[in-house]
Amino acid sequence: MQPELIEELQEKSALHYYESEEYILHVGDQMSFIPIILNGSIKVLRENNEGEELLLYYIEGGDTCAMTLQCCMRKSKSEVKALAIEPSLVLMIPIENMEIWMEKYPSWRAFILQSYHSRMMELLETIDAMAFMKLDERLLKYLIDQAKITGSLELSLTHQQIAEDLNSSRVVISRLLKQLELKGGIQLFRNKIVLSSI
DNA sequence: ACATTAAGTGATT
DNA sequence: AATCACTTAATGT
């Protein structure tokens, strides 16, 4: 990135710290900032009218959420919600700077487009997973993704939370996890799942 | 010791 | 694969 841009970034944007499990964004929130995740990780969820959630994708260090990019440029409200899954540092950039920087800095433009593209790819991936993969495969993928994101083979998750992310029910998840444990891929504990191999 | 919450299980659709 | 109804186990007060 150009040094000038970095300077402006530091000057115009605000740094925000989020605890694990803290919401960054709710459905319907008016967007006035573009978040860039510096470190930690965020998951982005879609919510239906009954308040059920579906995991869309994760955002990690150095990325932005494509959804918010859209919302910001149209000055509309958020269609998704975002939740920190570990302590995370987020850079909040006022939307006014978006358009200006898009023209002023090629590297900013490239960053936004690149980010948009990779978010899109991840969305396609989760669509594929829902359409073509059976739940047990999806679950395994979910566990592996989660391990990658948090950088740990020990996942602090309840079966209930997993069920919510995958839009399934706890009982089903419990049973599938049990099968995985019997096959030897994972070990189950209360509030914790340990992957033995990836 | 009791209540609460997470996880396991059989039966039913 | 989902739901119900119930049990068992772990944890907090």
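Every chain is numbered from 1, with letters handed out A, B, ... down the list of sequences.
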Here the distance between atom P of B:dT9 and atom CD of A:Gln179, to the nearest Å, is 12 Å
Mind checking whether A:Val27 and A:Ile42 sit in one hydrophobic cluster, side chains of I, L, V, M, F, W, Y counted as touching below 4.5 Å?
no
So A:Trp101 and A:Tyr105, would you call those rings parallel, tilted or perpendicular, with 30° and 60° as cut-offs?
perpendicular
To the nearest Å, give me how far apart CG (A:Asn191) and P (C:dT11) are.
8 Å
Which sits closer to the 5' end of DNA chain C, A:Arg175 or A:Arg170, going by the nucleotide each is nearest to?
A:Arg175
In whole Å, I'd like the distance from the CZ atom of A:Arg138 to the C1' atom of C:dA1.
12 Å
Can you tell me how far C1' of C:dA2 sits from CD of A:Gln160, to the nearest Å?
13 Å
Mind checking A:Ser169 for me? I need base, sugar-phosphate or nothing, with any heavy atom below 4.0 Å counting as a touch.
base
A:Leu177 CG - B:dT9 C1' separation (whole Å)
15 Å
Between A:Asp165 and A:Ile162 (side chain of the first, backbone of the second, donor and acceptor by atom type, cut-off under 3.5 Å), is there such a pair?
no
Whole angstroms only, please: what is the CD1-P distance between A:Ile173 and B:dA6?
15 Å
Between the two end axes of the helix from B:dA1-C:dT13 to B:dT13-C:dA1, each built from 5 base pairs, what angle do you get to the nearest 10°?
10°
Charged N-O contact under 4.0 Å between A:Lys134 and A:Glu137
no
Out of C:dA2, C:dC4, B:dA7, minimum distance to the side chain of A:Val171 belongs to C:dC4
OP1 or OP2 of B:dT5 versus the side-chain N and O atoms of A:His159: is any pair under 4.0 Å?
no
Between A:Glu125 and A:Lys141, is there a side-chain N and carboxylate O pair less than 4.0 Å apart?
yes
Between C:dC4, B:dG8, B:dT5, which one does the side chain of A:Arg190 approach most closely?
B:dT5
Looking at C:dA2, I'd like to know if its phosphate oxygens (OP1 or OP2) sit under 4.0 Å from a side-chain N or O belonging to A:Ser168.
yes
Might you confirm whether atom CD of A:Gln30 has over 12 heavy atoms from other residues, nucleotides or ligands at distances under 6.0 Å?
yes
Taking CG from A:Leu188 and P from C:dT8, how many angstroms apart are they, rounded to a whole number?
20 Å
Length of the CD-C1' vector between A:Glu181 and B:dA6, whole Å
15 Å
Does A:Glu21 have more than 12 heavy atoms from other residues, nucleotides or ligands lying within 6.0 Å of its CD?
yes
